[in-house]
Amino acid sequence: MTEIVSLEALAARMAPGQSLAIPVTGVAMAATAALIETGITGLKLICVPTSSLQADFLIGAKAVAAIETSAVSLGEAGSAPRFTAAVREGAFALTDSTCPAILAGLLAAQKGVPFMPIAGIIGSDLLKVRPDWKVIDSPVGEQRPVVVVPAIAPDVALFHAPEADRAGNVKIGRHRELAGMAYAAKHTLVTVERIVDHNLMETEDSAAAVLPSLYVDAVALAPRGAWPLSLWDEYETDTAEIARYAAMARSDEGFRAYLSAFLTRRREVA
Amino acid sequence: MLPLREQRELLITTIADLLDGVRHVAVGASSPIPAAGAMLLRARNEACGKAAVRISILGSAQHNFFTNGTIEIFDCAAQGRIDAFFLGGGQIDGSGNINLVGTGGYPQSQVRWPGSFGSAYLYHLVPRVILFRTEHSPRVLVPKVDFVSAAATTPEVPRRGGPHALLTNMALFAFDRGRARFGLRSVHPGFSATDVSDNTGFDYDTPDIVPATPAPDTATLDLLRGRILDELAETYPAFANSMAEAA
């Protein structure tokens, strides 16, 4: 059964050294702050398929031992400063990927198979730096080389959504990659803007936009839990705040100051 | 050199011309000029009764008709349902290969860019990939990229996708897939063919007479300064404002 817990209790479910899948949309920033407060280390981040502020936060907080990603960037606010610095210093094990390969790896785990074939990629140096990816001759159908990537089964998937009901069904709208993360992961932790009393599985329309509680271990309430990132149908990206972060996080000291204020603010809101 | 607004209008118009004939164009996040080019094509086609153009803009609610999550755009490309896409690159080489990863060693790159995104895949699958990078300099346009995020040509596998053209602040190049080589097609007003060769780090073909990139006509400017700015404002408010203010 899905448990409804406090944000602190949700964060406490993560253990050092675990692999953590994080999305592009529906980013659990409040939970990320709570996770950093636990002093966690050694996380293996799996960006589905890229990340922005969340990965940069966790990297800057020295919580990350490894990262698999197709990109880390603050988008229009520019490069992700802590990621860029950490790459230069070799501060973590870096596994470069390409967006659909990460999605294909999750799909393999979802289906319980060891690998997934994927189009394209041949000719890219990613194949040189990814010895775990193979080029095989297609064993069936058209005769041609095809890339296969191993299954990705994260220990934990973490995301933020608008609503959950009391049973732990979570409204994800059309953001099906959030369901994909949950299918592949051993555990799924979700924060939400609100918990509703009605059953989200009640009507066909509502159920179609839901990740059922079957896949969800715990839900915590976190109003504005994606801030300063956006949440669909709820709030826009706080671009001024992201620009402020981008400027401050250029140095490790600036990042520390930003993070400290961010954590204080979260404690005050909670 | 043209003022900034006119430079951008030239690029947008050139992109619309490069997209002529496509049914579905996808535009990545943070790409206001490519998005505007696609919107201009759509508006032009409507005006002259040509086939409707579908535009998918990543990060836009209004221009996103996908319902199956992040994977759908990639599946759509694999099914042959996306005709054109845009890629950039910290480095682009004379063979059309692009580097979105970094320079100065790997994995500890001394200059690190965000990462390859979907390029390694989409370059194989989207028939008309337009390479768009405003900076035209020898550090961007290099003989050989330090890291191949996505390869332009791969004779060992059949593919429908690859580069169609390279557009910068200075010039437009066409790409010959058989020879894996760029050819200069036109130079933007304010620049010469010599400026282009001085600022390009790779070899390319140059025709005997190098035409100037055509400037937008009055009807195009009316669309650009009216309808297109309105449409852009939903996804790229800052860009649309700066274009309106420059009027």
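Atoms considered below: every heavy atom in the structure, side chains included; atoms not considered: hydrogens, waters and symmetry mates. Chain A is the first sequence line, chain B the second, and so forth, proteins listed ahead of strands; every chain is numbered from 1.
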Would you check if A:Val135 and B:Glu156 make a side-chain contact, meaning some heavy-atom pair closer than 4.5 Å?
-> no
Look at atom [atom1] of [X] and say whether more than 12 heavy atoms of other residues, nucleotides or ligands are closer to it than 6.0 Å.
{"X": "A:Asp132", "atom1": "CG", "answer": "yes"}
{"X": "B:Arg54", "atom1": "CZ", "answer": "no"}
{"X": "A:Gln143", "atom1": "CD", "answer": "no"}
{"X": "B:Arg81", "atom1": "CZ", "answer": "no"}
{"X": "B:Arg139", "atom1": "CZ", "answer": "no"}
{"X": "B:Arg225", "atom1": "CZ", "answer": "yes"}

Search all heavy atoms of [X] against all heavy atoms of [Y] and return the closest pair with its distance.
{"X": "A:Glu76", "Y": "B:Tyr236", "result": "OE2-CD2, 4.4 Å"}
{"X": "B:Arg112", "Y": "A:Leu94", "result": "NH1-CD2, 3.5 Å"}
{"X": "A:Gly123", "Y": "B:Ala151", "result": "O-CB, 3.5 Å"}
{"X": "A:Phe83", "Y": "B:Trp113", "result": "CE2-O, 4.2 Å"}

What part of [X] gets within 4.5 angstrom of chain A, counting heavy atoms only: side chain, backbone, both, or neither?
{"X": "B:Val111", "result": "neither"}
{"X": "B:Thr153", "result": "neither"}
{"X": "B:Ile71", "result": "both"}

Within this structure, what is the [atom1]-[atom2] distance for the pair [X] and [Y], rounded to the nearest 0.5 Å?
{"X": "B:Asn68", "Y": "A:Glu177", "atom1": "CG", "atom2": "CD", "value": "9.0 Å"}
{"X": "B:Phe117", "Y": "A:Ser70", "atom1": "CZ", "atom2": "OG", "value": "8.5 Å"}
{"X": "A:Thr98", "Y": "B:Phe74", "atom1": "OG1", "atom2": "CZ", "value": "6.5 Å"}
{"X": "A:Asp125", "Y": "B:Ser116", "atom1": "CG", "atom2": "OG", "value": "9.0 Å"}
{"X": "B:Thr154", "Y": "A:Ile121", "atom1": "OG1", "atom2": "CD1", "value": "12.0 Å"}

Residues of residues 52-59 of chain A within contact distance of chain B, non-hydrogen under 4.5 Å = none
Option that, when pairs with chain A are counted at under 4.5 Å, heavy atom only, ranks first among [options]:
{"options": "B:Gln110, B:Glu72, B:His124", "result": "B:His124"}
{"options": "B:Gly102, B:Ala77, B:Gly69, B:Pro114", "result": "B:Pro114"}
{"options": "B:Ser149, B:Gly104, B:Ala78", "result": "B:Ser149"}

Part of [X] lying under 4.5 Å from any heavy atom of chain B:
{"X": "A:Thr25", "value": "neither"}
{"X": "A:Val87", "value": "both"}
{"X": "A:Pro49", "value": "side chain"}
{"X": "A:Thr50", "value": "side chain"}
{"X": "A:Glu142", "value": "side chain"}

Test ring pair (Phe, Tyr, Trp, His ring centres under 6.0 Å) applied to B:Phe239 - qualifying residues, sequence neighbours left out = none
Please determine, among [options], the option with the most heavy-atom pairs under 4.5 Å with chain B.
{"options": "A:Leu103, A:Val72, A:Thr84, A:Ile122", "answer": "A:Ile122"}
{"options": "A:Ser73, A:Ala119, A:Ala179", "answer": "A:Ala119"}
{"options": "A:Ala104, A:Gly75, A:Pro23, A:Pro100", "answer": "A:Pro100"}

Any chance the side chains of A:Asp96 and B:Tyr106 put a donor and an acceptor closer than 3.5 Å?
-> yes
